[in-house]
Q: 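What follows is a single structure, and I will ask about it in a moment.
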Amino acid sequence: MTSDPDASREPIRVPPTPAVRQWAKRHGFTPELVARWAAFLPDPSEVLESLVRPVSRYLRVNTLRSDVDMLRRDLESRGFAVTPVEAPDPRLQVLRLDKEPFAVSATPAYLSGEAYLQDLASLLAPAAMSPEPGERILDMAAAPGGKTTAVAELVADQASILAVEPVPHRAAALTANLRRLGVAGVGVAVRRGETVALGRGFDRILLDAPCTGEGVLPRDKNRRTGSLDEHRALVRLQRSLIDHAASLLVPGGVLVYSTCTFAPEECEGAVEHAVRLGLEPQALPFDELNGAPLVPALERAGALRFPNSGHARRAFPHRHDTLGFFVARLGKPADAAEPISAMESTSAPVAEGVASS
Amino acid sequence: MTTKPQAAADLDLDIGETLDAPDEALEPAELRDLDPPEHEALAATLHRYGDQVLAKLESRWSLKVLVRSDLMPHRRVIAVDRARLADLAPYAPIHLGIPIAHLARQGARLTLEGGAMVAPHATRRVVRVGEKGETLFLYGRHLLVKSVRGVLGHPKAEDAVLVLADGDGRYLGIGVATDALVLMRGKGRGSGARGRGGDERDDEATAVRHQADLGLYLRAQQAVPE
């Protein structure tokens, strides 16, 4: 048993049993993926069944332009049925879409930027940051802007948010959403997250990392045939982003790391890597979602142990009626005199997977 | 029926030219103050909508020019909070604050958001529409005479106008006044009264040609997953 970082970069392979193969074949999944979920996740039968059923759709109210009562009245007057649900942060307002006579994105309210279609679980990440007005905030993988705009709403558009996205057409989508929702406090930089200049540093960093997206399966059937080979490159990228985030944080700053996947290498494994850099796990400011307790992070998966991930939490479709999600909050020690550099970590050499500035 | 828009002089249909940019790296943008000719051009455009519009914007925001010199070079006036400017300008963002106008040789042209920022302060060139007209306009359709509930000022044909929802004053977008709108005003309509004096009017005539509405952000956007 080991928490060796190099070992954690290799995907854990679990031989599929006949029952797993049968289920995978019936539903069009890659058997090796199903075998991993069955081995690592709590309530595996419920998890698997939830991946082939839809979850509810949610609408986040753009509190810069509207409020939940106004939006609710507007939508109900057009034949929609909606229900207010509790968001992970009381500053956010969310409606569950119970009946859509036509696409909500075609309503004047939506077109005018009064709402944003967003899964409830993904709001765990901005809420975990507990951002405040006046802060300098970095969103390291921002497109298309759902979490970025949620952060802007949390601070009433009174913080400086740098939203980074390396792919131009994704940056364009991000910019369009910022413009549609009328957010003024965000700057968009088209670059890789690992190349953001240090500058004065950031009080809060959101790293909603590129991942294998297994938690999105209830909504995206294409991911059923994913491959374990994707994990290695993504894990390397995630570690590289965490390395750089650690250096960009001011002493006392907060990093929120999140993914929408079940893969422990990309979730708890990433947290362990961050802790090895000197970041400290912190409790999340919430413990439930949609009326159900969030699930504690895994303590182990295969030969790997995750002793420092106890504060992190997971959301599951069958428990929370949302997409799958993972969120962890880490703090940079207040007495950190110098920016923490990846050069000081005990992990693999910095040059591996780290882009040059 | 939606037809290809005929842009008025002070309108910019830009909603983000990067929406069509090929998949290549974009150069960082330059951020600087407006020079005197640029300030004058902006003032001239905003004055069309009210005497104090520019002054009110400048009292609340820092107005800067964001210069892009990549595949589609342009100069854009942005409104940005002063604290945000200090924090974010060093990162050479390609987008910052709220883009309110595009600077070209012909002068300053309002963007869609520029219209939204001008609307609360506008005392002329504003057209208010009823609920059905609101929905149609947000779907890219022209406004008919029968949809118009009120007009501020006396726009001439081919003048740019701001379009607002009559019920809650919600900003919808930008259009271009037609002869039919001018005719409405001349025959006593458009300030709340309808059909005075027994004048013949064509309710089905186009009063405002659609130019840009807030729905453009969604219609033009490529689907990008979260």
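Every chain is numbered from 1 and lettered A, B, ... according to where its sequence line falls, protein lines coming before strand lines.
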Q: With chain B as the partner, which of A:G113, A:G134, A:A159 has the greatest number of non-hydrogen pairs under 4.5 Å?
A: A:A159
Q: Evaluate whether atom CD of B:E30 has more than 12 neighbouring non-hydrogen atoms of other residues, nucleotides or ligands under 6.0 angstrom away.
A: yes
Q: What is the distance from atom CD of A:E165 to atom NE2 of B:H95, rounded to the nearest 0.5 Å?
A: 14.5 Å
Q: Treating B:Y171 as the side-chain partner and A:S112 as the backbone partner, does any N or O pair qualify as donor plus acceptor under 3.5 Å?
A: no
Q: Which heavy atom of A:P108 sits nearest to which heavy atom of B:R170, and what is that distance?
A: CB-NH1, 3.6 Å
Q: Relative to chain B, which segment of A:L178 carries a heavy atom at a distance below 4.5 Å: side chain, backbone, both, or neither?
A: side chain
Q: Please examine the side chains of A:R200 and B:D87, heavy atoms only from C-beta on, and report whether any two atoms are closer than 4.5 Å.
A: yes
Q: Counting only heavy atoms closer than 4.5 Å, note whether A:A141 contacts chain B via side chain, backbone, both or neither.
A: neither
Q: Would you name the heavy atoms of B:A83 and A:S160 that are closest together and state the gap between them?
A: O-OG, 3.9 Å
Q: Check whether any side-chain heavy atom of B:L112 lies under 4.5 Å from a side-chain heavy atom of A:R179, and answer yes or no.
A: no
Q: Counting only non-hydrogen atoms closer than 4.5 Å, does B:L96 touch chain A with its backbone (N, CA, C, O), its side chain (CB onward), both, or neither?
A: both
Q: I need the A:D157 CG to B:I98 CD1 distance, nearest 0.5 Å.
A: 7.5 Å
Q: Working to the nearest 0.5 angstrom, can you tell me the gap between A:R180 CZ and B:E113 CD?
A: 12.0 Å
Q: Take B:Y91 and A:F202 through the ring-ring contact (aromatic ring centres under 6.0 Å, His included) test and state the conclusion after the steps.
A: CA-CA 12 Å; B:Y91 296 96; A:F202 294 92; 5.6 Å; yes
Q: Surrounding CD of B:Q52 (heavy atoms of other residues, nucleotides or ligands, distance under 6.0 Å), is the total greater than 12?
A: no
Q: Write down the atom of B:L88, the atom of A:G185, and the distance for their closest heavy-atom approach.
A: CD1-O, 3.7 Å
Q: Against chain B, label A:V183 side chain, backbone, both or neither, depending on which of its atoms sit under 4.5 Å from a heavy atom there.
A: backbone
